[in-house]
Amino acid sequence: MNLVTHSVRTGIRALLAVTACCTVLAQEQRFSELVGAGAVGPVTQTSPLTVPFITWGGDMATFYANGGLTTQAGTLFQKQGLNLRLVPGDNFVQQVRDYRAGKTPFLRGTYRMMGLASEVIGSDPRTKGVVILQMTWSAGDHLVARQEIKTMSDLRGKTIALQQGGPHVGMLDDVLKSAQLTWDNIKVVWAKDLTGTADSPAELLRSRSDIDAAFAITPDMIGLTGGKGNSGTGAEGTVKGARVLVSTAELSRSIADVYVCRKDFYDANKELVTKFAATYLKACEEIIDLKKQYESSNSPVYKNLLQLTQDIYGKTTIPTLEDSHGLLSDCTFVGYPGNVAFFTEKGNLSGFEAFQKVALDLAVGRGYAKERMALFPSGLDYKSPLFLSYLTKTDLQRQERFRAEAVRNEIESLTSGGILDDKTILSFTINFDPNQTEFSPEQYGAEFQRVVETAQKFGNAVIAIRGHADPTKTLYDLVRAGMQKAVLKQSGTRGNYSYSLNGRPLDLDQTDELVKLIDGGAFDGVTEFRPRETMQAALNLSRNRAESVLGSVAAYAKGKGLTIDPSQIQPVGVGIREPFIAKPANMDEAMKNMRVEFRVLRVTAEAANPSDFDF
């Protein structure tokens, strides 16, 4: 697939947010003011039943199940006795107006968008929202930063541009929380438009030197950086040094696409709602299989879906059938297992209750709502025949997301290649006492909670637990061994010594060089002082510490009833190779080297286990 095609299809996901809400605002505003006054009316028309769709790959399953904008004979929805009329819903404010008026019982958007509208729809008992279905996770939104911003923690004090409303507001909220920052720690420049004008985040990053980072859809991200994994050169419209700081490709539990149903309609038509949800999930199953066939050979049925998608969205949005395929390829379905996990799994930090909290926190905290009006979780019976006798991909057993050995090899390769920092999204540390190998939740509970929450939110990233050791004992043995062998000479006064090795200056602050010399045998052969063994012992200790911390994190999560994927969190021993202070002068300085570091890392697709659904 060429770059232009990729840009078109991955940018579509975020484009829906332009008209989703608040696009004419220069600052945040109560959602009720956007919707305006209007009476709540009953839903009187159920055949055909009006269902909104938005421009996103997850809605292709709805098209497939319906056979078009109206229900066609022989389609999945028709076989379930449903008669639907699909209507465009990219204007989320208008969706809410129609929902309140009774023109449709459904809302279609992201969970955070539902949170912004929660006060409006929750103010009347008839229109309170029931989240009936999680469709997908987003994987195509990016935060592009200038070259001096290396990790998310560096956003403190920076100015960030984003379009008002839509999913990037929620994504920024997640980024800040992950870095333990608040909205007060940054300055926001609100852009009127998402893309294509001077008042869009990407153009503001280009034109204003005071803007440090901007949220961007994929075409704009490519225009700023030259592509994910690249840095802008300053040529051809790119911004010199600009790179993707974080993307929903890694921050994969940030933007959840959902359907919401009016409470009065849900209560009166629960079987119909159940059939709608089950049929959508059936469509996901069939599309996944058809897509696999298409990619390995060909599938006329799948090609018909691509054509249908282009017909519905138009050639301006979907220029080619390959763009339809790409739109779906960027979409991460959660399926039946994901819905069961989202709505019913205890301890799921990416589940309904967790999303409810952050969505309402955002709505009230940023002024979209004055009151917290909760949404209802799906009350559907996932064990009923409408699901279990109808669907085929119902295995709720999670497989490990990553290939542990491949991940460890990749981390070691990144470290030895000196490019670990380039793959680091976020890092934080905990310190410990000399020879400490026990890490209690009483002492480190806050850090363990952060690790678990970070792992959940960054579902497609790996967390490396990197144990570090202090080099003081190794340096001592190196000096003593070198002097006994007469290859090392010491000069100067105590506290201000300088050294030479075989007549050439040797700087004890240059840890990398010292490690190479030790590994090369420069100080071997002295019985009393053995820096090679001391360094290996420090490496073993650091690895044991990392493994001990991992065990403590796992025990903490289990004790709290929280879910973690053991393949996602990998312990690594670093030893003395990366000290904070290369030549400590006292115990306080040495203690700074005794640490366990957590790094959230981008890894290649080869390190992940493929699966039909992401849950």
Side-chain angles (χ1 to χ4, degrees), residues 136-145 149-155 170-181 215 218 221 228-229 243-256 330 332 334 348-350 354 398-415 417 419-429 447-466 546 549-550 553-554 557 562-572 596-611 614-615:
T136 62
W137 296 109
S138 169
D141 298 294
H142 318 274
L143 177 56
V144 176
I149 301 175
K150 303 302 183 184
T151 72
M152 297 194 310
S153 299
D154 297 331
L155 292 171
M171 183 179 173
L172 175 56
D173 196 53
D174 284 337
V175 167
L176 294 174
K177 288 176 179 175
S178 296
Q180 291 195 328
L181 300 174
F215 282 88
T218 297
M221 177 274 289
K228 195 168 183 288
R243 55 184 282 272
V244 174
L245 183 69
V246 63
S247 165
T248 49
E250 300 92 25
L251 186 61
S252 59
R253 296 294 188 273
S254 182
I255 303 175
D330 272 357
T332 307
V334 303
N348 184 355
L349 292 177
S350 298
R398 276 192 176 93
Q399 69 170 6
E400 292 189 345
R401 182 181 302 276
F402 298 96
R403 299 184 176 101
E405 184 176 355
V407 169
R408 286 193 292 270
N409 290 340
E410 190 162 332
I411 293 172
E412 291 177 4
S413 176
L414 293 174
T415 303
I419 56 175
L420 187 66
D421 288 345
D422 293 338
K423 297 295 183 180
T424 298
I425 302 168
L426 176 69
S427 65
F428 52 96
T429 64
E447 288 83 357
F448 294 167
Q449 181 71 23
R450 187 181 183 188
V451 173
V452 174
E453 290 178 354
T454 301
Q456 285 274 354
K457 191 64 70 176
F458 288 84
N460 285 336
V462 165
I463 297 182
I465 301 180
R466 307 177 77 237
V549 168
L550 174 57
V553 169
L562 303 176
T563 303
I564 63 171
D565 178 352
S567 72
Q568 187 186 12
I569 308 176
Q570 294 294 331
V572 179
V596 170
E597 172 193 34
F598 301 89
R599 287 202 185 216
V600 182
L601 299 173
R602 299 179 182 91
V603 292
T604 61
E606 289 73 19
N609 285 312
S611 62
D614 191 1
F615 70 100

Legend entry - R602 bridged to D422 by N-O distance under 4.0 Å: no

Inset, instruction - Measure from the side-chain N and O atoms of S178 to the backbone N and O of D174, and report whether any donor-acceptor pair falls under 3.5 Å. - result: yes

Legend entry - Lys/Arg N to Asp/Glu carboxylate O, R403 vs E410, below 4.0 Å: no

Inset, instruction - For S427 and S153, work out which heavy atoms get closest and say how close. - result: O-OG, 4.2 Å

Legend entry - Flag for D614-T332: side-chain donor and acceptor within less than 3.5 Å: no

Legend entry - Heavy-atom check, side chain of V244 versus side chain of M221, under 4.5 Å: yes

Legend entry - From CA spacing to verdict: side chain to side chain contact (heavy atoms under 4.5 Å, CB included), F458, I463: CA-CA 9 Å; F458 288 84; I463 297 182; over 6 Å; no

Legend entry - Any donor-acceptor N/O pair, S567 side chain to E400 backbone, under 3.5 Å: no

Legend entry - Distance in Å, L562 CG paired with F448 CZ, rounded so as to fall on 0.5 Å steps: 13.5 Å

Inset, instruction - Under the side chain to side chain contact (heavy atoms under 4.5 Å, CB included) rule, what do M171 and L251 come out as? Steps first, then yes or no, please. - result: CA-CA 9 Å; M171 183 179 173; L251 186 61; 4.1 Å; yes

Inset, instruction - Take M152 and L245 through the test side chain to side chain contact (heavy atoms under 4.5 Å, CB included) and record every step on the way to the result. - result: CA-CA 7 Å; M152 297 194 310; L245 183 69; 4.3 Å; yes

Legend entry - By side chain to side chain donor-acceptor pair (under 3.5 Å) - contacts of K150 (at least two apart): none

Inset, instruction - Taking all non-hydrogen atoms of both residues into account, name the closest pair between F615 and R398 and its distance. - result: O-NE, 3.2 Å

Inset, instruction - Might you work through the side chain to side chain contact (heavy atoms under 4.5 Å, CB included) test for L420 and L601, ending with a clear yes or no? - result: CA-CA 8 Å; L420 187 66; L601 299 173; 3.9 Å; yes

Legend entry - Side-chain donor or acceptor of T424 paired with backbone N/O of R599 under 3.5 Å: no

Inset, instruction - Return the minimal non-hydrogen interatomic distance between P610 and Q399, and the atom names on each side. - result: O-NE2, 2.9 Å

Legend entry - Flag, side chain of S254 to backbone of T248, donor-acceptor distance under 3.5 Å: no

Legend entry - Heavy-atom closest contact (V451 atom, I569 atom, distance): CG1-CD1, 4.2 Å

Inset, instruction - For residues L426 and A179, report the shortest heavy-atom separation together with the two atoms involved. - result: CD1-CA, 4.0 Å

Inset, instruction - Could you tell me the separation between the CG atom of L155 and the CG atom of L176, rounded to the nearest 0.5 Å? - result: 7.0 Å

Inset, instruction - To the nearest 0.5 Å, tell me how far N409 CG sits from L414 CG. - result: 11.0 Å

Legend entry - Positive for side-chain hydrogen bond (donor to acceptor under 3.5 Å, both in side chains) with E453, one of R450, Q449, Q456: Q449

Inset, instruction - Check whether any side-chain heavy atom of V572 sits under 4.5 Å from a side-chain heavy atom of E597, and report yes or no. - result: no

Legend entry - Over 12 non-hydrogen atoms of neighbours within 6.0 angstrom of NZ in K423: no

Legend entry - Passing option when V407 is tested against R401, Q570, E412 for side-chain contact (heavy atoms from CB on, under 4.5 Å): Q570

Inset, instruction - Grab the two heavy atoms, one from H142 and one from S247, that are nearest each other, plus how far apart they are. - result: ND1-OG, 3.2 Å

